[in-house]
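Below, chain A is the first sequence line, B the second, and so on; all start at residue 1.
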2 protein chains.
Amino acid sequence: MLEPLVSKLNDLRVILASGSEQRAALLKSTRLNFEVVPSNFEENLDPKEHTFSDFVEKTALGKVNDVWERLKNDERKPDIIIGADTMVTFNGRMYGKPKTKEQAIKTITDLTHSPHIPNSVYTGVVVRYKNEIRKFTEVTTVYMAKLSPEEILAYVETGEPMGKAGGYGIQGMASTFVDRIEGDGNNVIGLPMSRLAKLLKQIILNQF
Amino acid sequence: MLEPLVSKLNDLRVILASGSEQRAALLKSTRLNFEVVPSNFEENLDPKEHTFSDFVEKTALGKVNDVWERLKNDERKPDIIIGADTMVTFNGRMYGKPKTKEQAIKTITDLTHSPHIPNSVYTGVVVRYKNEIRKFTEVTTVYMAKLSPEEILAYVETGEPMGKAGGYGIQGMASTFVDRIEGDGNNVIGLPMSRLAKLLKQIILNQF
């Protein structure tokens with residue numbers, strides 16, 4: 001979708017305000033040129049005080065604002081800053097990145113206990129173009145297989161769940177127990193490419 | 001799902017009978033050891049004489065049988081051979097890999113013309129374990145955005161559509177115009193990991 005516009009987009013200074021390798025790989029697949037500048041924004045919003053959508057959008061905005069503050073006095077200001085935050089919800093609860101092995105086991109046990117009940121992956125995306133901000137949340141439904149305690153433990157022991165919202169990497173070993181998704185698959189990896197591309201297209205076509 | 005079994009699986013000689021880099025990458029994400037041996041099977045079945053499912057399963061079987069014939073007299077016979085074939089259907093028609101730029105343009109134009117009408121990706125999988133064969137077809141529904149003729153032409157000019165069933169790479173630039181899928185996302189890339197993992201598990205648990 002962006003192919004006819006890539007040369008125009010590449011005249012702009014584009015920043016991905018994220019340290020996620022997965023997000024960088026997804027954005028790179030479009031052949032855009034961009035710089036990776038992870039934010040120092042402290043991700044400490046209280047889940048109880050926000051809807052799921054507000055939570056991820058505010059966190060993504062925090063990342064974008066942090067990177068903007070650090071780069072706005074550069075000789076060449078950033079034109080576009082892209083920020084995103086992903087988390088998983090199940091049964092009304094929010095699951096972020098597990099911090100310990102025990103948390104990872106609990107998370108995967110919850111998410112794979114009832115194969116017919118899906119979890120929902122929320123990614124909030126914020127795009128800053130010059131002084132304007134657009135944001136949206138994309139939600140993807142994920143149905144996982146039921147796993148045995150041995151399978152969960154062995155999966156956690158691989159280390160893959162650490163640093164991943166909901167404790168699973170759909171592009172990694174978890175691909176074997178994600179039975180079905182409904183929605184944008186890249187959203188589960190961390191960046192909903194279809195809607196993000198539409199925003200980038202609006203910027204180039206002066207419809208942002 | 002396979003993590004507790006990986007060491008047992010790695011005692012076996014596992015062959016992926018496919019030249020697809022995407023399939024190899026997916027299988028590699030499980031941390032299994034396997035060899036890649038592309039088949040020489042001529043993919044020339046007549047689409048008119050087969051259901052979609054029969055077509056991809058027979059092609060996958062042809063690939064597995066070809067590789068088995070070539071390797072069966074090895075000092076160490078293959079224990080497991082995995083074959084797969086993927087194609088896209090839309091409006092009752094089958095779309096394989098485009099052979100020319102014109103075919104690629106026609107294919108993408110067809111698939112993106114009516115965003116509310118999805119295409120269906122069929123992957124037939126055949127697993128041979130010793131002298132036994134199992135096969136299945138996994139189907140994933142894909143909803144694409146409407147593209148302009150300029151966008152289609154620019155996408156085809158990148159070369160990505162060539163060599164891909166249905167003329168699009170969901171892991172590549174086409175991620176920006178795949179709005180939604182329903183089913184196993186890896187199936188669209190070429191290997192339905194969830195059901196394949198269940199078959200490999202059955203082999204180790206002697207339930208094949």
Undergrad: Output the option from A:Thr30, A:Val6, A:Thr158 having the highest count of non-hydrogen pairs under 4.5 Å with chain B.
TA: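 Option with the greatest count: A:Thr158.
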Undergrad: Do A:Arg180 and A:Thr141 get their side chains close enough for a donor-acceptor pair, meaning under 3.5 Å?
TA: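 On atom types as modelled, these side chains do not qualify, holding no pair under 3.5 Å.
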Undergrad: Once you round to the nearest 0.5 Å, how far does CZ of B:Phe177 lie from CE of A:Met193?
TA: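 Between B:Phe177 CZ and A:Met193 CE, I get 12.0 Å after rounding to 0.5 Å.
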Undergrad: Does the side chain of A:Tyr168 pick up a donor-acceptor pair with the side chain of A:Glu160 at under 3.5 Å?
TA: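 A:Tyr168 vs A:Glu160: no donor-acceptor pair found between side chains.
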Undergrad: Please classify the contact between A:Glu157 and chain B as side chain, backbone, both or neither, with a heavy-atom cut-off of under 4.5 Å.
TA: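 Interface part for A:Glu157: neither.
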Undergrad: Quick check on the interface: out of B:Ala25, B:Ala197, B:Gly183, who has the most heavy-atom pairs with chain A under 4.5 Å?
TA: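 Ranked by contacts with chain A, first place is B:Gly183.
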Undergrad: Tell me which of these, B:Lys28, B:Glu138, B:Glu151, has more heavy-atom pairs under 4.5 Å with chain A than the rest.
TA: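 Most heavy-atom pairs under 4.5 Å with chain A: B:Glu151.
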Undergrad: What part of A:Lys201 is in contact with chain B, defined as an atom under 4.5 angstrom from a non-hydrogen atom: side chain, backbone, both or neither?
TA: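 Contact with chain B involves the side chain of A:Lys201 alone.
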Undergrad: Centre of A:Tyr129's six-membered ring, under 6.0 Å away, within 45 degrees of the axis: is that where NZ or CZ of A:Arg134 sits?
TA: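 Verdict for A:Tyr129: no cation-pi partner in A:Arg134.
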Undergrad: Quick check for you: among B:Gly185, B:Gly172, B:Ala174, B:Pro192, which has the greatest number of heavy-atom pairs under 4.5 Å with chain A?
TA: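 Between B:Gly185, B:Gly172, B:Ala174, B:Pro192, the count favours B:Gly172.
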Undergrad: Under 4.5 Å from any heavy atom of chain B, what part of A:Leu147 do you find: side chain, backbone, both or neither?
TA: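 For A:Leu147, the contact with chain B is made by the side chain alone.
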Undergrad: In terms of heavy-atom pairs under 4.5 Å, which option from A:Asp179, A:Asp184, A:Thr112 contacts chain B the most?
TA: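 That would be A:Asp179.
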Undergrad: Counting only non-hydrogen atoms closer than 4.5 Å, does A:Asn186 touch chain B with its backbone (N, CA, C, O), its side chain (CB onward), both, or neither?
TA: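 The answer is the side chain of A:Asn186.
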Undergrad: Any non-hydrogen side-chain atom of B:Phe90 less than 4.5 Å from a side-chain atom of B:Ser120?
TA: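 No, side chains not in contact.
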Undergrad: Do B:Arg93's NZ or CZ and the ring of B:Tyr95 fall within the cation-pi criteria of under 6.0 Å and 45°?
TA: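 So B:Arg93 does make the cation-pi contact.
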Undergrad: What I'd like to find out is whether the side chain of A:Val178 reaches to under 4.5 Å of the side chain of A:Val142, using heavy atoms alone.
TA: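 When only atoms from C-beta onward are counted, A:Val142 and A:Val178 do touch, with a gap below 4.5 Å.
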Undergrad: Quick check on B:Lys198 against chain A: is it the side chain, the backbone, both or neither that has a heavy atom closer than 4.5 Å?
TA: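 Just the side chain, heavy atoms under 4.5 Å.
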